[in-house]
Amino acid sequence: MAEPLRRSPLDWTVHPPYLHAAYGSTAKRAPALALLPRPETLSEFTGPVFGSGHVGPLDHDLTKNAVSSGEPIGERIIVAGRVLDDAGRPVSNSLIEIWQANASGRYIHKLDQHDAPLDPNFSGGGRVLTNERGEYRFVSIRPGAYPWNNHSNAWRPAHIHFSLFGECFSSRLVTQMYFPGDPLLALDPILNGIPDERARQRLVAAHDLSITEAGYALGYRFDIVLCGSRMTPFENT
Ligand SMILES: [Fe+2]
């Protein structure tokens, strides 16, 4: 059995602080007291393990996995990449879950009251397992920007939420993927809570013609590193 991923202490020049004044909700969520170290036990490195039995054949394709009366509205996209450890080795058989707004910038959630239409053929949720080379691939609809109440006239850039379990709970990563060239990136308090510009850029996918399918969908590459000095920044929630 391969040595399990072990996450080294987080580099706070790369990851966002728990309290980031420009992102108002962190004032309620950030710990008010110093964190206590918690001993790691074997269970954090050995479980849970999600296998192919947990993922259906259409779970990776958000343009098909919630269809009720027709195809979802919007621009089709393909998001693909690799999941790696700090040495560049592929992390295989790893569960990736995503969730996102629809093309109009609306989530199916009772708390989302944005005045934009829901899409009856799009749930915004998907999941997939990485293959033996650490590769994954989603088909989806490009999400729309949406307003939020963080500050006056605040809009989130288009983004896709990612949750990765890696090999086990100890390598869990929750983050967001953004799209290149989005003018809202420079204005977003969540992305800009990451203190390092190069680290912020790790969350911006790259347009990739080798992933793009002719006549069907633009492709974006988003590689994810689960630990070490090149670790993909987590989101501040
Ligand atoms: Fe979101």
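In each ligand, atom 1 is the first atom listed, and ligand 1 is the first ligand listed. The shown structure was predicted, so the numbers you read here are calculated from the model rather than taken from an experiment.
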Trainee: Flag Y107 as yes if one of its N/O/S atoms falls below 2.8 Å of the Fe ion (ligand 1), otherwise no.
Mentor: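 Yes, Y107 qualifies, because one of its backbone or side-chain N, O or S atoms lies under 2.8 Å.
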
Trainee: For S68 and N121, which I'm curious about, is there any donor-acceptor pair between the side chains at under 3.5 Å?
Mentor: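 There is such a pair (donor and acceptor under 3.5 Å, judged by atom type) between the side chains of S68 and N121.
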
Trainee: Which atom, among the N/O/S set of H159, is closest to the Fe ion (ligand 1)?
Mentor: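 H159's closest N, O or S atom to the Fe ion (ligand 1) is named NE2.
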
Trainee: Given side chain to side chain contact (heavy atoms under 4.5 Å, CB included), test T232 with L203 step by step and report yes or no.
Mentor: CA-CA 7 Å; T232 301; L203 296 186; 3.4 Å; yes

Trainee: Taking S140 for the side chain and I77 for the main chain, is one N or O donor matched with an acceptor at less than 3.5 Å?
Mentor: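 No, the answer is negative, given that no donor and acceptor are paired below the 3.5 Å cut-off.
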
Trainee: Could you tell me whether any N, O or S atom belonging to Y146 is less than 2.8 Å from the Fe ion (ligand 1)?
Mentor: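 Coordinating: yes.
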
Trainee: Do the rings of H159 and Y178 sit parallel, tilted or perpendicular, given the 30° and 60° boundaries?
Mentor: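 The rings of H159 and Y178 sit tilted, inter-plane angle from 30° to 60°.
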
